[in-house]
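Note that this is a predicted model, so its numbers are computed, not measured.
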Amino acid sequence: MKPVKLRKLAVGGAALACGTLFSLAAHGDPPIVDRLPTLRDTVVYETEFATYVDRPPFVQTVKWDHPLIKAAEKAFGSFDAQGNPTAPGIGRSTMSYGDHLKTYGLDEANDWNALKGLYMYWWNKHDASPAEREKQLNGIDRRLARGNYENFVKTLLGEYRDYPFMVKTKLEIVGKHTPVNKKGAQTAPTNQAFLFNDLTGDGYSRLRWILSEVFSARERKLNPNPSRFNYAWGEVGHVCNRVDNSVRPFSHAEMRFIFQTYLQGEGRRFDLDDYERGLQKFIADHCDPSPNGPDLGYLYDFRGDKNFKANWMECNGFIWNSRHYCRLLETQIRKNIDLGALEYFKRPFATRYARSRELMAMYLFYPSEHHEHLRKASERGGGPHLYIDQEDANGDGVADYRLFADHMGSGDLGLESQALPTDRVGAGEVTRKTVATFNRSRFLRNADWGFAGTFNVTSQTRQLFAQEGVFTAQDSDRDATYKLRMSRINQALDRHTNWGPTHMFSTNMFQHNKRYAVRGAYSPIVAMSYEISKSHGFAVGDFPGTHPKEQGKVKWMYFVKFRARDYYDERNLKAGQAINWNRMYLNESSMSNDYYHERALDKFGWIPASDMHTAAYLAEAGGENSYWGPPHGVGMINALDNQ
């Protein structure tokens with residue numbers, strides 16, 4: 001294929017006008033179904049949302065008149081003819097599209113990176129009249145809202161070309177369940193299925209307080225004397241904050257009870273026994289009693305974030321691969337070499353999934369002789385430096401990696417700030433081995449990727465696994481198997497939480513553009529917490545370039561509502577239940593050493609479309625940025641240091 005000039009093609013992509021009309025999908029077309037894309041699927045060239053080509057900008061036409069695309073526009077804000085805001089929106093949420101700008105032919109002129117300097121000029125121009133200053137700032141915000149809307153839609157369409165059901169789901173959430181949450185007292189939800197559509201600033205503060213109180217009290221009751229046994233080491237210690245008995249996530253029934261009893265009206269003291277009695281009475285009086293029904297059959301998980309992007313609810317492994325292929329394609333075009341990166345844009349979701357599965361497989365199936373090094377992920381600093389190759393050279397489905405056992409990490413400082421020199425990484429020894437019992441056929445065929453079959457202690461495998469030092473000669477095969485499996489999962493989840501020294505390394509980029517050969521914080525797990533106060537810090541933090549009107553405020557809280565049958569904790573593992581990596585949420589409190597006390601539910605790769613629920617924008621909810629409640633009768637609790 002003849003190399004193309006990315007710069008010229010990007011101009012053509014940007015010429016799409018939002019006012020242009022395109023016809024909807026033909027009447028009678030089959031409905032979009034939620035089926036996970038694969039690398040074997042036929043390439044998609046048209047959906048009801050867009051048409052595609054196999055070169056930049058990839059999204060050839062956007063069907064801007066599609067009802068879901070038009071509905072999404074309102075979420076970004078409304079302005080009158082003079083540019084004054086008439087309804088608050090998410091348009092100023094400072095998502096700069098960076099690596100995707102040229103690839104998808106986005107609107108660079110109205111990206112925040114381009115507008116930030118002009119905005120800050122008027123923001124700091126106090127010698128101008130207040131009216132003129134406000135007019136100029138509103139005008140820039142209007143441009144930013146329009147640019148962010150168009151760029152969001154095009155990036156969404158490009159990144160999910162092979163997964164139109166996810167496009168549909170995200171557009172529906174943006175159009176229907178992305179509230180700009182308001183200040184003030186909490187009122188009764190207008191939709192009992194979507195409680196968080198009506199969350200207010202005071203309701204959010206109270207919610208953080210009550211969930212933290214309930215979780216902590218339940219955890220203390222379940223774990224009066226935690227063992228702090230570290231399964232990755234087979235002994236107590238090594239900075240282990242793991243609990244022996246985990247707290248189950250909050251159900252939809254319980255969340256309804258909390259909204260009615262603790263978020264509205266006068267303040268109420270918390271007492272666990274009183275709370276549990278009230279909850280059971282509420283369920284009996286108001287809820288569907290079925291364990292698989294709409295109230296008890298669904299659980300919650302939360303993710304706080306500082307901005308909004310098309311790839312929301314994906315892990316760093318997914319996002320880093322998306323950015324990697326954009327940079328790789330730019331490099332290949334600029335250097336007039338083979339455009340191998342084009343293949344990503346034909347099946348982008350399936351490619352992100354495949355690369356992240358290889359990454360997660362490396363976390364789980366590394367050879368036994370490296371366990372003594374990799375288990376140090378639970379300790380301060382995150383263990384030795386680990387660089388996972390983006391390219392699986394031997395094609396076994398498990399990522400190759402480079403372990404620098406004598407170079408210890410520095411926790412989660414920066415992304416690439418602690419990375420070793422690129423040339424040193426490139427010269428490092430590559431490990432392509434797996435644990436001796438790994439079976440590729442079982443890995444590809446089974447929902448648990450053959451994890452249970454791989455880590456099974458028998459008379460034939462006991463000596464092989466003994467070198468990992470996670471069980472004793474006195475342990476039965478059953479107990480040894482549980483310890484072995486727990487140790488592998490501990491290590492994987494610890495590496496996700498304490499991610500500083502774990503990096504992505506691209507041999508292709510190393511050859512052609514060393515600047516982008518290494519990316520830090522390479523994790524195949526979506527970071528979330530099932531106790532919302534632990535997600536708060538991620539939502540309230542600022543980037544160096546955060547929009548001034550968002551600085552110091554709570555920004556985004558993403559709500560995940562998933563089926564209770566997809567919850568997995570230490571009880572499931574002890575019972576020998578297999579893990580479905582595509583569906584299940586793993587309890588980090590009991591299945592990792594929980595270095596940061598994050599109270600997390602960990603999901604591999606991405607959040608399924610069926611579990612995406614609400615994306616709440618809290619920046620308009622005001623300064624109610626502290627825990628509410630009377631833990632000792634009166635007073636407030638600082639949200640950041642819990643004092």
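A donor-acceptor pair shorter than 3.5 Å can be found between the side chains of Ser227 and Asp244. Judged by distance alone, the side chains of Lys534 and Tyr596 never bring a donor and an acceptor atom under 3.5 Å apart. No hydrogens or angles considered: nothing links the side chains of Glu46 and Thr51 as a donor-acceptor pair under 3.5 Å. At a cut-off of 3.5 Å, with distance as the only test, a side-chain donor of Ser523 or His496 sits close to an acceptor on the other residue. Between the side chains of Tyr401 and His370, at least one donor N or O lies within less than 3.5 Å of an accepting N or O. Using modelled atom types and a 3.5 Å distance limit, the side chains of Ser246 and Asp569 yield a donor-acceptor pair.
Annotation: Trp556 is in aromatic contact with Tyr558 [ring centroid separation under 6.0 Å]. In this structure, Phe58 has its ring center at least 6.0 angstrom away from the ring center of Tyr52. Checked against the 6.0 Å centroid threshold, Phe559 and Phe302 count as a close aromatic pair. Two rings, from Phe365 and Phe438, have their centers less than 6.0 Å apart. Taking the six-membered ring where the residue is Trp, the centroids of Tyr522 and Phe505 are separated by 6.0 Å or more. Ring centroids of His503 and Tyr387 are separated by less than 6.0 Å, placing the two rings close together.
At a threshold of 4.0 Å, the pair Glu330-Arg327 counts as salt-bridged, since one of the basic side-chain nitrogens sits closer than that to a carboxylate oxygen. Contact check on Arg352 versus Glu314 returns a salt bridge, with a Lys/Arg side-chain nitrogen under 4.0 Å from an Asp/Glu carboxylate oxygen. Salt bridge Arg303/Asp301: absent, no basic N to carboxylate O contact under 4.0 Å. Using a cutoff of 4.0 Å between basic side-chain nitrogens and carboxylate oxygens, Asp389 and Arg402 are scored as salt-bridged. The pair Arg242-Asp594 fails the salt-bridge criterion, with no side-chain N (NZ, NE, NH1 or NH2) lying under 4.0 Å from an Asp/Glu carboxylate O. We find that Asp611 and Lys603 are not joined by a salt bridge, their nearest charged nitrogen and carboxylate oxygen being 4.0 Å or further apart. The pair Arg440-Asp396 does not count as a salt bridge, with every side-chain nitrogen at least 4.0 angstrom from each carboxylate oxygen.
Under a cutoff of 6.0 Å and an axis angle of 45°, Arg442 and Trp449 do not form a cation-pi pair. By the 6.0 Å and 45° rule, Arg488 stacks over the aromatic ring of Tyr366. Relative to the six-membered ring of Tyr231, Lys483 misses at least one condition, a distance below 6.0 Å or an angle of at most 45° to the axis. Figure legend: cation-pi geometry between Arg357 and Phe604 absent, as NZ or CZ is not positioned both under 6.0 Å from the six-membered ring centre and within 45° of its axis.
Taking NE2 from His371 and NE2 from His373, the interatomic distance works out to 11.5 Å, rounded to the nearest 0.5 Å. Taken to the nearest 0.5 Å, the CG atom of Asp602 stands 7.0 Å off from the CE atom of Met528. In this structure, CD in Gln332 is found 4.0 Å from CG in Leu328, a value given to the nearest 0.5 Å. Note that OH of Tyr104 is 3.5 Å distant from CD of Glu159, once rounded to the nearest 0.5 Å. A distance of 11.5 Å separates CG in Asn587 from CD1 in Ile489, rounded to the nearest 0.5 Å. Tyr568 OH to Ser590 OG: the interatomic distance, rounded to the nearest 0.5 Å, is 10.0 Å.
With contacts defined as side-chain heavy-atom distances shorter than 4.5 Å, the pair Arg228/Val243 qualifies. Using a 4.5 Å heavy-atom cutoff, the side chains of Asn456 and Phe451 are not in contact. Using a 4.5 Å heavy-atom cutoff, the side chains of Asp494 and Tyr363 are not in contact.
Every residue was checked against the salt bridge (Lys or Arg N to Asp or Glu O under 4.0 Å) condition with Glu372, not counting sequence neighbours, and none meets it.
When the options Tyr300, Tyr567, Tyr530, Phe562 are evaluated for a ring pair (Phe, Tyr, Trp, His ring centres under 6.0 Å) with Tyr585, the one that passes is Phe562. Each of Lys433, Arg432, Gln390 was scored for a side chain to side chain donor-acceptor pair (under 3.5 Å) with Asp400, with one residue passing: Arg432. A side chain to side chain donor-acceptor pair (under 3.5 Å) with Arg462 is found for one member of Thr481, Asp477, Asp475 and no other, namely Asp477.
More than 12 heavy atoms of other shown residues, nucleotides or ligands fall within 6.0 angstrom of atom CZ in Arg571. Atom CZ of Phe404 sits in a crowded spot, with more than 12 heavy atoms from other residues, nucleotides or ligands closer than 6.0 Å.
Looking at Thr47, its side chain never comes within 3.5 Å of a backbone N or O of Pro164 through a donor-acceptor pair.
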